[in-house]
4 protein chains.
Amino acid sequence: MSGTLNKVMLIGHLGDEVKMHYFEGGGCIGRFPLATNETYTSKQTNERVTNTEWHNIVVRNKAAEVCEKYLGKGDKVYIEGRIKTRKWQDESGNDRYSTEIQCTDFTFLTTKNDGGNASSNQQQSQQNQSSQSAKPRQEPITPKPEVDMPDDDLPF
Amino acid sequence: MSGTLNKVMLIGHLGDEVKMHYFEGGGCIGRFPLATNETYTSKQTNERVTNTEWHNIVVRNKAAEVCEKYLGKGDKVYIEGRIKTRKWQDESGNDRYSTEIQCTDFTFLTTKNDGGNASSNQQQSQQNQSSQSAKPRQEPITPKPEVDMPDDDLPF
Amino acid sequence: MSGTLNKVMLIGHLGDEVKMHYFEGGGCIGRFPLATNETYTSKQTNERVTNTEWHNIVVRNKAAEVCEKYLGKGDKVYIEGRIKTRKWQDESGNDRYSTEIQCTDFTFLTTKNDGGNASSNQQQSQQNQSSQSAKPRQEPITPKPEVDMPDDDLPF
Amino acid sequence: MSGTLNKVMLIGHLGDEVKMHYFEGGGCIGRFPLATNETYTSKQTNERVTNTEWHNIVVRNKAAEVCEKYLGKGDKVYIEGRIKTRKWQDESGNDRYSTEIQCTDFTFLTTKNDGGNASSNQQQSQQNQSSQSAKPRQEPITPKPEVDMPDDDLPF
DNA sequence: TTTT
DNA sequence: TTTT
């Protein structure tokens with residue numbers, strides 16, 4: 001089956017830290033919100049308007065651990081993935097839907113420690129005092145995520 | 001702001017006809033569900049599993065009219081667009097979210113009349129009887145959508 | 001290094017058959033030309049103009065073998081990959097450059113045997129005589145290419 | 001015609017300044033080399049290997065002028081565009097081919113003046129002394145390129 | 001609700 | 001050299 005394509009490409013900023021969930025079998029996932037902005041001039045008011053779109057990013061296993069290690073709130077990242085809408089029931093038993101981006105690839109555009117992130121404050125102030133040669137691990141890294149765990153029926 | 005990217009690329013099949021909505025100012029939008037499939041072999045059962053993902057596609061103005069004219073249920077199309085999650089209140093006043101793909105570009109991979117669509121029955125049976133030279137309007141068409149209307153607060 | 005992205009997405013038609021090359025170590029690659037079209041209205045003459053762009057697609061190993069099996073001249077395919085420009089010397093010792101698309105993923109939009117391809121004549125005429133239920137293997141297939149061979153210094 | 005797709009998405013660093021060319025009719029284009037990197041572990045030597053790929057980016061008209069204004073050597077940018085291979089004759093009359101990326105959209109990830117660019121030295125040292133509120137024009141900007149000039153037979 |  |  002197939003002959004279809006489901007691809008998402010985002011560049012945005014993390015709205016929060018990467019939140020990890022660990023599973024019994026040894027797998028894990030990381031989740032974080034990612035903001036993208038769209039700016040246009042309103043034809044009604046002739047003013048510049050900015051809309052922020054929030055995306056729920058889900059990363060798995062080793063890739064999740066790498067993201068947690070290097071990405072913090074405010075960091076900028078390129079995310080490639082698939083759209084997945086999960087169906088769940090709220091307390092009243094109504095069907096609810098939640099759309100996520102299941103990350104298949106990523107590239108860090110800034111990282112926690114490289115001073116390009118105004119919100120990773122403690123680390124950044126250390127950063128700012130250090131010389132450039134003292135930043136050995138801050139190059140962007142693009143690991144290939146490996147997926148070794150069930151894809152469905154996540155309990156959250 | 002900006003320096004961000006919000007891009008979706010889909011190839012899938014229409015699950016229904018394009019539904020048009022016309023506005024007072026002369027603008028319009030078309031909506032249709034688009035299915036993409038993901039197939040993999042379950043590690044638990046060793047069986048082939050297919051997941052279908054449904055995307056809510058929204059097209060505007062002339063582009064919507066072209067889609068309505070050429071695309072029918074079952075047709076295959078390439079859609080490029082942006083993810084947009086709209087917030088609304090249900091009857092109980094709870095916040096609800098609905099994620100759409102706002103189409104910015106598309107390419108028809110099959111069209112209503114070209115016989116590649118088992119469900120566009122009446123037209124297709126005509127199609128099947130006609131010679132190839134009698135299919136003057138079935139070439140794929142890729143117009144550039146024009147957007148001339150408010151982007152927000154759509155009442156549906 | 002990295003923090004970079006090199007991604008190409010094409011939908012086009014094969015201009016020729018997939019040409020396979022086998023290596024001693026057991027690896028192989030397949031090559032084929034892919035045509036994309038751009039159509040616009042000339043501002044000078046007000047005529048419709050079509051430009052065809054030819055892309056040199058390179059696929060590796062199992063993916064190459066799947067492409068060779070299912071794709072023929074005229075077939076339509078979605079190709080995802082990376083741009084790579086190889087440098088070589090011509091007979092006069094001048095540096096020459098050749099740009100290829102190294103395929104990392106693909107989705108068949110038509111295949112050799114499915115009748116959507118006017119040029120795969122012999123197979124197609126068989127196709128046209130057979131019933132729909134006699135087409136067991138013509139569904140689009142999207143394998144994940146595996147790469148098990150050197151990436152560089154290909155002798156052609 | 002069409003039903004095809006020719007799309008390139010790059011994130012990379014400028015290898016040189018944007019070089020502008022102005023035409024009599026008032027149009028212009030800007031050109032610059034963009035580097036992307038691919039890093040992998042060689043199976044032969046087990047060493048990390050980095051390949052740099054150079055892309056010839058071509059931007060037109062207003063978009064070119066915005067790029068020239070904000071982008072310098074070393075800056076990082078997201079480029080979206082089309083692959084185009086131009087054919088030309090060398091001095092010996094041999095056919096030669098040159099592949100370019102015709103830019104249709106872009107997003108600045110760093111700019112000349114924002115300190116994220118080691119090569120824009122003079123401006124950067126000023127930058128480093130100034131307060132954040134003194135950086136009024138350094139937000140990333142994503143204009144929509146407009147194309148108002150012939151697409152072909154460029155004399156370089 | 002699509003398609004193979 | 002493809003396709004419409």
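Letters A, B, ... are given to chains in the order of the sequence lines, protein chains preceding strands, and every chain is numbered from 1.
Residues B:Ile11 and C:Ile11 meet the side-chain proximity criterion, which asks for heavy atoms closer than 4.5 Å.
A distance of 5.0 Å separates CG of B:Asp95 from CD of B:Gln89, quoted to the nearest 0.5 Å. Note that the CZ atom of B:Phe108 and the CD1 atom of B:Ile79 stand 8.0 Å from one another [nearest 0.5 Å].
You'll find a donor-acceptor pair under 3.5 Å spanning the side chain of C:Thr52 and the base of F:dT2, going by distance alone.
Rounded to an integer number of Å, the gap from B:Asn37 CG to E:dT1 C1' is 12 Å. Put simply, CZ on B:Arg31 is 20 Å from P on E:dT2, counting in whole angstrom units. Nucleotide E:dT3 holds its P atom 11 Å from the NZ atom of B:Lys76, rounded to whole Å. Here F:dT2 presents its C1' atom at 13 Å from CD of C:Glu53, a figure rounded to the nearest Å. Straight-line distance from the NE2 atom of C:His55 to the C1' atom of F:dT3: 13 Å, rounded to whole Å. Note: OH (C:Tyr78) to C1' (F:dT2) measures 19 Å, nearest angstrom. Atom-to-atom, CG of C:Leu71 to C1' of F:dT1 comes out at 15 Å; the value is rounded to the nearest Å. When the P atom of E:dT2 is taken as reference, atom CZ of B:Phe108 falls 20 Å away, rounded to whole Å.
Residue-nucleotide stacking is present for B:Trp54 and E:dT1, judged by a side-chain ring centre under 5.5 Å from the six-membered base ring centre and planes under 30° apart.
With sequence neighbours excluded, the residues that form a side-chain hydrogen bond (donor to acceptor under 3.5 Å, both in side chains) with D:Thr85 are D:Thr99.
Of the listed nucleotides (E:dT1, F:dT2, F:dT1), F:dT1 has the atom at the smallest distance from the side chain of C:Asp16. Which of F:dT3, E:dT3, E:dT1 sits closest to the side chain of B:His13 comes down to E:dT3. Distance from the side chain of B:Pro33 is smallest to E:dT1 among E:dT1, E:dT2, F:dT1.
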